[in-house]
> 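Could you have a look at this structure, given as structure tokens, before my questions?
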Amino acid sequence: MLIASPIANALHLLAAIVWVGGMFFAYLAARPAATALAPAERFPLWARLFARFFPWVWLAIALLLATGFWMIFADFGGFAAVGVHVHLMLGLGIVMMLLYGHMFFAPYRRFRAAVGAADWVAAGTQLGQIRRIFAINLALGLITAGLGNTGWHWA
């Protein structure tokens, strides 16, 4: 194993924790707590939370791709040499990234515009779309993490 491999593995794990953990917090802790707020308070709060979280997600995506491909090619000798779990992790990760990209460039962009215009009905509609994508990505992220943790033991 190359000296960079433990570093790549650690960065890969930390990036996944940041992204999936952030979605877990947003969906299961912040969302239920924020529903007690009036729309004029709730939607600007979400806009501020997303503005702080989403740059970390972009960084996490870059790290996940870079370290994942590094480990596949430098440590394991390419796609032909890795187990099914790695192919599944990569496939699910790409689906998650595509969903995130759609969410960021469509509903989130419209959400920010609605919040800026104090259009709480439109903001609520867009936040609902963001919430659904978070729910899907959270489930996919937990499955992917499980594959990464248990897959190394598959024959």
Side-chain angles (χ1 to χ4, degrees), residues 4-74 79 82 85-151:
S5 297
I7 295 168
N9 192 37
L11 289 173
H12 196 81
L13 178 62
L14 291 172
I17 289 169
V18 165
W19 188 8
V20 177
M23 289 188 298
F24 186 93
F25 171 77
Y27 195 81
L28 296 169
R31 185 181 65 86
T35 59
L37 299 173
E41 297 169 324
R42 181 173 63 244
F43 298 131
L45 171 65
W46 278 112
R48 290 189 306 273
L49 288 169
F50 292 150
R52 290 184 142 311
F53 178 54
F54 289 164
W56 288 103
V57 176
W58 286 115
L59 177 62
I61 287 171
L63 283 171
L64 287 164
L65 288 170
T67 58
F69 283 116
W70 172 269
M71 290 185 287
I72 287 170
F73 290 105
F79 283 107
V82 297
H85 67 289
V86 175
H87 293 275
L88 291 171
M89 286 174 58
L90 179 59
L92 290 173
I94 289 171
V95 169
M96 289 177 66
M97 292 169 199
L98 290 171
L99 283 168
Y100 174 75
H102 165 71
M103 184 273 310
F104 186 85
F105 291 111
Y108 175 57
R109 177 179 282 166
R110 292 188 298 261
F111 172 75
R112 284 189 336 224
V115 170
D119 182 349
W120 307 133
V121 173
T125 299
Q126 298 310 312
L127 188 60
Q129 290 184 7
I130 292 167
R131 179 186 54 80
R132 283 187 285 284
I133 293 170
F134 264 54
I136 294 165
N137 261 357
L138 177 57
L140 292 174
L142 292 172
I143 291 166
T144 304
L147 287 169
N149 184 50
T150 61

> Under the side chain to side chain donor-acceptor pair (under 3.5 Å) definition, can you give me all pairs with a residue in residues 24-39, not counting sequence neighbours?
none
> What pairs of residues pass the side chain to side chain donor-acceptor pair (under 3.5 Å) test when at least one of them lies in residues 106-121, not counting sequence neighbours?
R110-Q126, R110-Q129
> Is the number of heavy atoms from other residues, nucleotides or ligands within 6.0 Å of CZ (F24) greater than 12?
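Incorrect, the count does not exceed 12.
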> Considering non-hydrogen atoms only, spot the tightest contact between I130 and P107 and give its length.
CG1-CB, 3.9 Å
> Which pair of non-hydrogen atoms, one from A26 and one from F134, has the smallest distance, and what is that distance?
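The answer is CB-CE2, 3.7 Å.
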> Using the side chain to side chain donor-acceptor pair (under 3.5 Å) rule, collect all pairs that involve residues 137-148, keeping only residues at least two apart or in two chains.
none
> In chain order, what residues pass the ring-ring contact (aromatic ring centres under 6.0 Å, His included) check against F73, with sequence neighbours excluded?
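F73: ring-ring contact (aromatic ring centres under 6.0 Å, His included) contacts with F79.
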> Quick one: side-chain contact (heavy atoms from CB on, under 4.5 Å) partners of A47, sequence neighbours excluded?
F111, V115
> Looking at R42 and L37, what are the two nearest heavy atoms and their distance?
NH1-O, 2.6 Å
> Just distance, no hydrogens or angles: give the donor-acceptor pairs under 3.5 Å from side chains in residues 59-67, sequence neighbours left out.
unit_1, atom_1, unit_2, atom_2, d
T67, OG1, H12, ND1, 2.7
T67, OG1, L63, O, 2.5

> Filter on side chain to side chain donor-acceptor pair (under 3.5 Å), then keep only pairs touching residues 46-60, sequence neighbours left out; what's left?
W58-Y100
> Can you see which heavy atom on L147 is nearest to which on H85, and at what distance?
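Nearest pair, atom of L147 first, then H85: O-CD2, 3.9 Å.
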